[in-house]
Amino acid sequence: MKRIDLRSDTVTVPTPAMRAAMANAEVGDDVMGEDPTINRLEEMAAERTGKPAALFTASGTMGNLIALLTHCARGDEVIVGDKAHMFINEVGGMAALGGIQPRTVPNQPDGTLALDALRDAIRGDNVHWPRTRLIALENTHNACYGSPLSLDYHRAVFELARAHDLKIHIDGARIFNAAVALGVPVREFAQSADSISFCLSKGLSAPVGSLVCGARDFIAAARRQRKMVGGGMRQAGILAAAGIVALDTMVERLADDHANARRLAEGLAQIPGIALEPARVKTNIVFFDVTTGETAAQLAERLARAGVLIGGSGATRLRAVTHDGITCADVDAAVALVAETLRETSFRLMRGSE
Ligand code: TLP
């Protein structure tokens with residue numbers, strides 16, 4: 001039985017072309033700036049984001065941390081969404097390692113931070129207060145149904161930030177999903193930010209790596225921070241080689257993941273015992289709730305036994321993510337297996353009440 005793994009797009013594996021490129025990659029010592037494959041990937045990333053320079057990092061978490069350490073000093077404050085990956089899922093790295101204080105603003109259902117709330121969160125000049133340094137956005141917004149944030153929104157935040165002399169960092173782990181979903185080139189989003197990070201190891205299917213992109217002096221400073229957090233790698237061109245193939249061949253196909261996610265959402269929404277709004281699904285992430293009285297963890301466990309892996313994401317909430325390893329037929333099979341598993345639930349409940 002094939003396992004249908006919808007836990008995350010991070011479960012993607014390198015394509016045959018990536019493996020071939022990795023095997024044949026030209027490498028050197030990247031801490032000395034001498035890995036030609038990494039240098040090429042960094043140039044490509046800079047070109048795609050329209051930024052002067054880029055830095056290869058081991059992960060998205062490391063890329064975001066390095067960006068924040070580079071923008072902020074200890075005691076500075078970062079305005080960030082209360083559902084942001086950087087706030088929830090990065091082990092408090094900004095506070096623990098950077099002495100940076102996160103100031104949360106509620107994420108709206110579409111992943112944005114209301115402009116008024118942002119404005120209110122910016123500190124004035126007062127000897128008692130930390131200095132607001134940075135606004136951190138996330139596009140697509142993972143916890144908000146993978147919503148892509150619009151270009152207009154980024155521009156509005158950029159204007160606000162500039163009026164208050166603040167920097168902007170975009171956690172663009174899935175910015176290529178946003179670009180494909182909205183038909184907007186990545187560099188347009190990046191133009192409204194001082195730095196942007198993106199991941200190669202999610203929908204783009206490379207095995208490892210993220211890029212942080214920004215101005216030349218910013219990236220030079222970020223390179224020192226990367227060394228400090230132990231992220232200076234040596235012959236890592238074997239990893240960058242896969243990243244180059246990812247950028248060359250895996251971006252356009254994200255549209256298939258989005259179509260599959262929508263199909264999955266529409267199928268799941270028909271199943272009694274599931275609550276879901278398919279119209280909210282704009283990229284490759286589907287959230288839904290189980291309404292039968294069982295917990296998300298219990299349902300996830302039973303689904304796993306049936307051959308569908310879906311992550312629990314709250315008491316009754318689950319998250320399914322489509323990616324290169326999921327075909328349209330897998331989506332239909334997953335919907336059928338979820339329906340069957342939930343039929344068993346209602347059968348058990350009926351028997352229990354007899
Ligand atoms: N997200 C992972 C988990 O950590 C939740 C996932 O399965 O979605 N920014 C965003 C928006 C992310 O979704 C993630 C990973 C990261 C950053 C961190 O990337 P990595 O895992 O490479 O450190």
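Bear in mind that the values here come from a model prediction, so they are computed numbers and not experimental data. Whatever order the structure lists ligands and atoms in, that order sets their numbers, starting from 1.
- Looking at ligand 1, you won't find any N or O of N89 less than 3.5 Å from one of its N or O atoms.
- A donor-acceptor pair shorter than 3.5 Å cannot be found between the side chains of D35 and Q235.
- For ligand 1 and R319, the ligand atoms under 4.0 Å from any heavy atom of the residue are 6 (C), 7 (O), 8 (O).
- Closest approach of A261 and I285 over heavy atoms only: CB-N, 4.4 Å.
- Among the atoms of D9, none of the N or O lies under 3.5 angstrom from an N or O of ligand 1.
- Backbone and side-chain nitrogen or oxygen atoms of N142 are examined, and one is located within less than 3.5 angstrom of a nitrogen or oxygen of ligand 1.
- Here S59 has heavy atoms under 4.0 Å from ligand 1 in both its backbone and its side chain.
- Shortest contact from atom 9 (N) of ligand 1 to any protein heavy atom: D171 OD2, 2.7 Å.
- Looking at S8 next to ligand 1, an N or O pair under 3.5 Å apart turns up.
- The shortest separation from a heavy atom of M62 to ligand 1 is not under 4.0 Å, leaving the residue out of contact.
- Looking from atom 12 (C) of ligand 1 to the surrounding protein, the closest heavy atom is H85 CD2, 3.3 Å.
- The shortest contact between atom 22 (O) of ligand 1 and any protein heavy atom is with G60 N, 2.8 Å.
- Each of the atoms 18 (C), 19 (O), 20 (P), 23 (O) of ligand 1 lies under 4.0 Å from some heavy atom of T61.
- A donor atom on one side chain and an acceptor atom on the other are found under 3.5 Å apart for H169 and N64.
- Below 3.5 Å of separation, one finds no N or O of S210 facing any N or O of ligand 1.
- Atom 11 (C) of ligand 1 has its closest protein heavy atom at E138 OE2, 3.3 Å.
- Side chain to side chain, D152 and S150 fail the donor-acceptor criterion of an N or O pair below 3.5 Å.
- Taking each heavy atom of P36 and E26 in turn, the nearest pair found is CG-OE2, 3.7 Å.
- The closest non-hydrogen atom to atom 8 (O) of ligand 1, taken over R174, K202, H141, comes from R174.
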